[in-house]
Amino acid sequence: MKTLPLTCEKCFADFQEALEELKSVINNAKTKGLNAKSEAQIVRVFELTHELTLKTITEFFRKQGHAGFTGSRDITVEAFHDDLIDDGQGWMDMIILRIKYNPIYPENTQNELVDRIIKQFVKLFENFERNMMKRLS
C-alpha cells in the first residue's frame, strides 16, 4: 500500500486536533484535580502536539524550498525568523524542558513541565496556530 506524502496542510490539521485534545485534557484535569495520571496524560498529549508543530513547520519550509534542518532548535529558530512563532525564547524553553524531562527522573521536573504546559506552552501553540492559519489562507 502506497502512502501519500505529508503535506503542510495535513500536518497542520493533525496539529490542530492534538492542540484541541491538549486543551481538553487540561480542562478535564483542572475540573477533576491534577494527579499523577492526569499529569502524565497532559505530558503525552503535549509531546504529540509539539512534535506535530515541528512537522508542520518542517513541511511549511519544505513547501517553500527550504530544507536541511538538523533538529528542533534549528526549525524553531527559523520559524521565529519567519514569524511563524512569536516568542522564540518561550519555544526554546519548551525544547529544553522537553529534553530535561524524563519519567524516571525526579518528580519536580514533571511538575515544572506540567505547570509550564498549562500556563505558557498552550498559549504558544495557540499563537502558532493563528500565525499558520494566516500563512495557509
Side-chain angles (χ1 to χ4, degrees):
M1 180 180 190
K2 193 172 184 179
T3 58
L4 297 173
L6 283 178
T7 66
C8 179
E9 292 78 10
K10 171 67 173 132
C11 291
F12 186 58
D14 292 345
F15 156 78
Q16 288 179 304
E17 286 180 28
L19 178 57
E20 285 307 310
E21 183 180 356
L22 178 60
K23 290 192 274 188
S24 175
V25 167
I26 289 170
N27 288 334
N28 198 18
K30 284 180 179 179
T31 302
K32 295 180 180 179
L34 285 174
N35 57 42
K37 185 177 179 180
S38 64
E39 287 183 353
Q41 187 178 19
I42 288 170
V43 170
R44 275 193 312 274
V45 178
F46 160 74
E47 288 185 337
L48 173 65
T49 306
H50 189 238
E51 286 301 317
L52 290 168
T53 304
L54 296 174
K55 274 189 174 182
T56 301
I57 293 169
T58 300
E59 291 306 315
F60 177 79
F61 286 135
R62 185 172 293 142
K63 184 177 174 180
Q64 292 186 333
H66 303 317
F69 302 109
T70 58
S72 58
R73 292 179 188 180
D74 287 348
I75 293 167
T76 301
V77 169
E78 189 64 28
F80 177 71
H81 290 298
D82 202 33
D83 296 324
L84 294 177
I85 60 173
D86 52 11
D87 180 356
Q89 185 60 53
W91 281 84
M92 293 307 271
D93 290 348
M94 186 187 309
I95 292 168
I96 291 166
L97 198 50
R98 272 192 74 195
I99 292 168
K100 285 174 38 179
Y101 172 73
N102 186 323
I104 62 171
Y105 290 127
E107 190 176 303
N108 65 344
T109 304
Q110 178 169 319
N111 293 342
E112 180 185 358
L113 179 59
V114 170
D115 187 55
R116 296 280 298 274
I117 291 167
I118 293 169
K119 292 180 179 174
Q120 180 186 14
F121 298 158
V122 169
K123 290 179 183 117
L124 295 177
F125 289 141
E126 290 171 335
N127 290 342
F128 168 73
E129 179 180 35
R130 193 172 31 260
N131 291 337
M132 278 303 295
M133 287 176 78
K134 290 177 192 173
R135 297 298 279 280
L136 292 176
S137 58

query: So do the side chains of Thr53 and Leu124 get within less than 4.5 Å of each other, counting heavy atoms only?
result: no
- prompt: Within a radius of less than 6.0 Å around CZ of Arg135, do more than 12 heavy atoms belonging to other residues, nucleotides or ligands occur?
  reply: yes
- prompt: Any side-chain heavy atom of Val114 sitting closer than 4.5 Å to one from Val43?
  reply: yes
message: Are the side chains of Ile26 and Ile42 in contact, using a 4.5 Å heavy-atom criterion?
response: yes
- prompt: Is Lys23 atom NZ crowded by more than 12 heavy atoms from other residues, nucleotides or ligands, each under 6.0 Å away?
  reply: yes
message: I need the minimum non-hydrogen distance between Phe12 and Glu129, along with the two atoms involved.
response: CZ-O, 3.6 Å
- prompt: Are Leu34 and Ile118 side-chain neighbours, meaning at least one heavy-atom pair lies under 4.5 Å?
  reply: yes
task: Taking the side chain as every heavy atom from C-beta outward, state whether Phe46 and Leu113 have any pair of such atoms under 4.5 Å apart.
output: yes
field: Spacing of NE2 belonging to His50 relative to CE belonging to Met94, to within rounding of 0.5 Å
entry: 5.0 Å
task: Could you tell me which non-hydrogen atom of Gly33 sits nearest to which non-hydrogen atom of Ser38, and how far apart they are?
output: O-OG, 3.9 Å
message: So Asp82 and Gln64, do their side chains get closer than 4.5 Å, heavy atoms only?
response: yes
query: Taking the side chain from Ser24 and the backbone from Glu20, do they hold a donor-acceptor pair closer than 3.5 Å?
result: no
- prompt: Of the non-hydrogen atoms in Ile75 and Phe61, which two are nearest, and what is the gap between them?
  reply: O-CE1, 4.3 Å
Arg44 and Glu21 ion-paired at < 4.0 Å: no
query: If we only count heavy atoms from C-beta on, is the Leu22 to Ile117 side-chain gap below 4.5 Å?
result: yes
message: A side-chain contact here means heavy atoms from C-beta on lying under 4.5 Å apart; do Asn127 and Asp87 qualify?
response: no
- prompt: Counting N and O atoms only, with roles assigned by atom type, does the side chain of Lys123 sit under 3.5 Å from a partner on the main chain of Lys119, one being a donor and the other an acceptor?
  reply: yes
message: Tell me whether Arg62 is salt-bridged to Glu59, with the criterion being a basic N under 4.0 Å from an acidic carboxylate O.
response: yes
query: Would Asn111 and Glu39 satisfy side-chain contact (heavy atoms from CB on, under 4.5 Å), going step by step from the backbone distance to the final call?
result: CA-CA 8 Å; Asn111 293 342; Glu39 287 183 353; 3.5 Å; yes
